[in-house]
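One structure is given below, encoded as structure tokens.
Here the structure is a predicted model, which is why all the values come from computation and not from measurement. Reckoned from all heavy atoms, side chains included, excluding hydrogens, waters and symmetry mates. A, B, ... follow the sequence lines: proteins, then strands. Residue 1 opens every chain.
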Amino acid sequence: MIALLDINNFYVSCERVMNPALVGRPVVVLSNNDGVAIARSNEAKALGIGMGQPAHELRGLVRSGRLRMLSSNYTLYGDMSARVMQILADRTPAVEVYSIDEAFFDLEGIRNPAGFCADLVTTIGRWTGLPCCVGVGPTKTLAKLANYAAKQASRLDPAHTSVVDFTARHARDPVLDALAVDQVWGVGPRIAARLAKDGILTAGQLRDAQARRLRHQYSVVVERTILELRGQACLALEMTPPPRKQIVCAKSFGAPVSNLGELRQALAHYVAIAAGKLRRQQCVAGHVQVWLATNPFNERITQYSRANSFPLPRATADTGVLSTLAQRAMRQICRGGITYHRVGLMLSELTAEDSQPGDLFSGNDPRRQARLMASLDAINTKMGRGTVRLAREGFNHAWATRADRRSPAYTTQLAQLPVARAV
DNA sequence: TCTGGGGTCCTAGGACCC
DNA sequence: TCTGGGGTCCTAGGACCC
């Protein structure tokens, strides 16, 4: 049996732990650059605010005091997530951390699974302040749906238990029969539209469809989903995350950029971020891709978007080497007289740093380069990100991502600890 | 005025190998 | 009349996830 734990409205719930004034009120957390809503409290959902709704459409509600809007604070969310995952790891034999706010875990060998899960929800609530729901089922897909059912029930009735168990067919089949097919994990809007044309509108109808036929008509993914809905497990628990195959850093600018110098700065900055991630996972990259684009929503400007990429002669995690190559790639595609909105970078063909063969003919000693980077990382870890950087990155970043409504780093910066006062 | 970011997997077709 | 069989690698595009 597999369980899925999912923290309710995760980003909003993290903000509420630190700022109780947000409890019970409509709250949304915005994407990077304060662009769109990516997390909504139940009260905000009740106001009709959609996932991905642009922030500027919500200004009116904020101004009239009916909605609180916050920038995202990933430092806080990452830390809160780690606390929850630790509680889970301490109590269950096998955990797959599936995303920042979700984890699958194995219930094999646990007596009274429902009671165990209910205790878990209580413990997480007491120790971290975060509300969560657990779904249980014979497969990951059914555990997901059980979790969804638990969320729906607790939204309608806060007194409802936060655990739903879909182990028994009689418990799950009636729910599946009434559930829209696009709520099923793995069925997105495109597949759902095609299924609708074939007369499959509910999760129950998908469960009862001919798996073989749909495999040929759609793909093996749909076939697996059908089998999983019937209780036949096709997806295993992945306890050790597979190594990343690519690292992407792409952000839209806080303000439009038409100056090529600023564009180069931004790219250099993103290379530094991506290369830092690369070194943290002890890998080197063999390929660099760069792209840039104008704002697709702005109809008054000339639209322009290009990508360019290079293989590296020798895989590396050296910020300087990667940066030089990335700048060369960008030089070949950027034009003057364009108002840019976004530049992005992808490092791929990642391999473990210690699997790199030596280079007999080059005078450069890669180990020396690696030591230089290790020193840079050590200084920046101790003194703050960007203390030592490439001159190319510059200092006054007019293009930097906006985050006008960000809460403090309550749990990770001594200077920003929350203060408790006696009343 | 203002519209996110970071990932994975699957498929089909072409090129190429022995 | 009938013209092999089995495989890999690469790329682009599509779809999905949180």
Side-chain angles (χ1 to χ4, degrees), chain A residues 4-11 28-40 49-60 62-63 69 71-72 74 77-78 81 96-104 140-141 144 147-148 151 181-195 214-225 234-235 238 241-256 270 273-274 277-278 281 287 289 291 293-301 307 309 311 339 341-350 401-405:
Chain A
L4 174 71
L5 180 137
D6 185 315
I7 303 165
N8 305 353
N9 311 329
F10 179 53
Y11 297 170
V28 298
V29 172
L30 301 175
S31 66
N32 266 348
N33 224 16
D34 292 347
V36 303
I38 52 169
R40 303 158 292 154
I49 295 170
M51 186 70 172
Q53 191 164 350
H56 63 87
E57 292 179 11
L58 305 174
R59 287 280 157 72
V62 174
R63 234 177 276 129
M69 199 157 79
S71 302
S72 36
Y74 289 103
Y77 312 150
S81 171
E96 173 186 343
V97 176
Y98 178 69
S99 75
I100 194 166
D101 70 332
E102 276 174 78
F104 290 102
K140 281 183 162 182
T141 303
K144 266 276 199 190
N147 189 287
Y148 177 79
K151 281 240 161 58
V181 74
D182 62 353
Q183 298 300 331
V184 176
W185 192 38
V187 178
R190 303 291 175 97
I191 304 271
R194 281 179 63 191
L195 287 172
L214 266 69
R215 174 191 184 129
H216 293 121
Q217 235 171 304
Y218 293 80
S219 74
V220 67
V221 182
V222 173
E223 182 191 35
R224 280 203 288 254
T225 301
C234 302
L235 305 169
E238 288 174 23
R244 291 260 166 281
K245 295 177 175 174
Q246 52 183 230
I247 291 175
V248 175
C249 186
K251 297 179 207 297
S252 22
F253 299 131
Y270 298 170
I273 293 172
K277 273 193 204 173
L278 188 62
Q281 65 178 58
H287 194 93
Q289 182 178 13
W291 61 94
T294 47
N295 184 349
F297 293 101
N298 191 337
E299 292 167 359
R300 291 182 312 283
I301 57 166
S309 62
T339 305
H341 174 66
R342 183 180 155 92
V343 22
L345 165 89
M346 180 162 85
L347 304 177
S348 54
E349 285 171 29
L350 309 189
T401 296
R402 275 196 308 266
D404 298 336
R405 305 154 177 276

Looking for any heavy atom pair under 4.0 Å, which part of the strands does [X] touch: base, sugar-phosphate only, or nothing?
| X | value |
| --- | --- |
| A:R244 | sugar-phosphate |
| A:H341 | sugar-phosphate |
| A:R215 | nothing |

Applying side chain to side chain donor-acceptor pair (under 3.5 Å) to A:E238 and not counting sequence neighbours gives none

Using the test side chain to side chain contact (heavy atoms under 4.5 Å, CB included), find all partners of [X] that sit at least two apart in sequence or belong to another chain.
| X | result |
| --- | --- |
| A:A103 | A:M85, A:L88, A:V95 |
| A:Q246 | A:V248, A:M346, A:S348 |
| A:P256 | A:T339 |
| A:R194 | A:Y218 |

Below 3.5 Å, can you tabulate the donor-acceptor pairs from side chains in residues 183-193 of chain A to any protein atom, sequence neighbours excluded?
from: A:Q183; atom 1: OE1; to: A:Y148; atom 2: OH; distance (Å): 3.4
from: A:W185; atom 1: NE1; to: A:Y98; atom 2: OH; distance (Å): 3.4

[X] has an atom [atom1]; how far is it from atom [atom2] of [N], in whole Å?
| X | N | atom1 | atom2 | value |
| --- | --- | --- | --- | --- |
| A:R342 | B:dT3 | CZ | P | 12 Å |
| A:L58 | B:dG4 | CG | P | 13 Å |
| A:Y11 | B:dG4 | OH | P | 15 Å |
| A:Q281 | B:dG6 | CD | P | 14 Å |
| A:L30 | B:dG4 | CG | P | 11 Å |
| A:D34 | B:dC2 | CG | P | 14 Å |
| A:N298 | B:dT3 | CG | P | 9 Å |
| A:Y74 | B:dG7 | OH | C1' | 14 Å |

* Asked: Rounding to the closest angstrom, what is the interatomic distance between B:dT3 and C:dC18 at atom P?
  -> 25 Å

For A:Y77 and A:S72 the tightest heavy-atom approach is OH-CA, 3.7 Å

Of all heavy-atom pairs linking A:Y270 and A:V343, the shortest is CE1-O, 3.3 Å

Sorted by chain and residue number, the salt bridge (charged side-chain N to carboxylate O under 4.0 Å, His left out) partners of A:E223 (sequence neighbours excluded) come out as A:R212, A:R215

With sequence neighbours left out, the residues meeting salt bridge (charged side-chain N to carboxylate O under 4.0 Å, His left out) with A:K151 are A:D6

A:N33 side chain N/O closer than 4.0 Å to the phosphate oxygens (OP1, OP2) of B:dG5?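 Result: no.
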
| message | If you compare every side-chain N and O of A:R402 against the phosphate oxygens of B:dG4 (OP1, OP2), does one of them come in below 4.0 Å? | response | no

Inset, instruction - May I ask you to list the residues of residues 245-256 of chain A, by number, that have any heavy atom positioned under 4.0 Å from an atom of DNA chain C? - result: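 Of all residues in residues 245-256 of chain A, none places a heavy atom under 4.0 Å from DNA chain C.
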
Annotated structure of DNA chain B as dot-bracket, pair cut-off 3.5 Å, Watson-Crick or G-U only, | for inter-strand, is ....||||||||||||||

| query | In terms of the nearest nucleotide of DNA chain B, which residue is placed more toward the 5' end: A:V36 or A:H216? | reply |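 It is A:V36 whose nearest nucleotide is closer to the 5' end.
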
Per nearest nucleotide of DNA chain B, the residue lying toward the 5' end, A:G35 or A:S219, is A:G35

For nucleotides 8-18 of chain C, 5' to 3', base contacts (B), sugar-phosphate-only contacts (S) and non-contacts (-) with protein non-hydrogen atoms under 4.0 Å give -------SSSS

Taking B:dG7, B:dG4, B:dT3 as options, the one with an atom nearest any side-chain atom of A:N32 is B:dG4

A side-chain contact here means heavy atoms from C-beta on lying under 4.5 Å apart; do A:Q281 and A:P243 qualify? no

Contacts satisfying side-chain hydrogen bond (donor to acceptor under 3.5 Å, both in side chains) that involve residues 29-39 of chain A (not counting sequence neighbours) are A:D34-A:S71

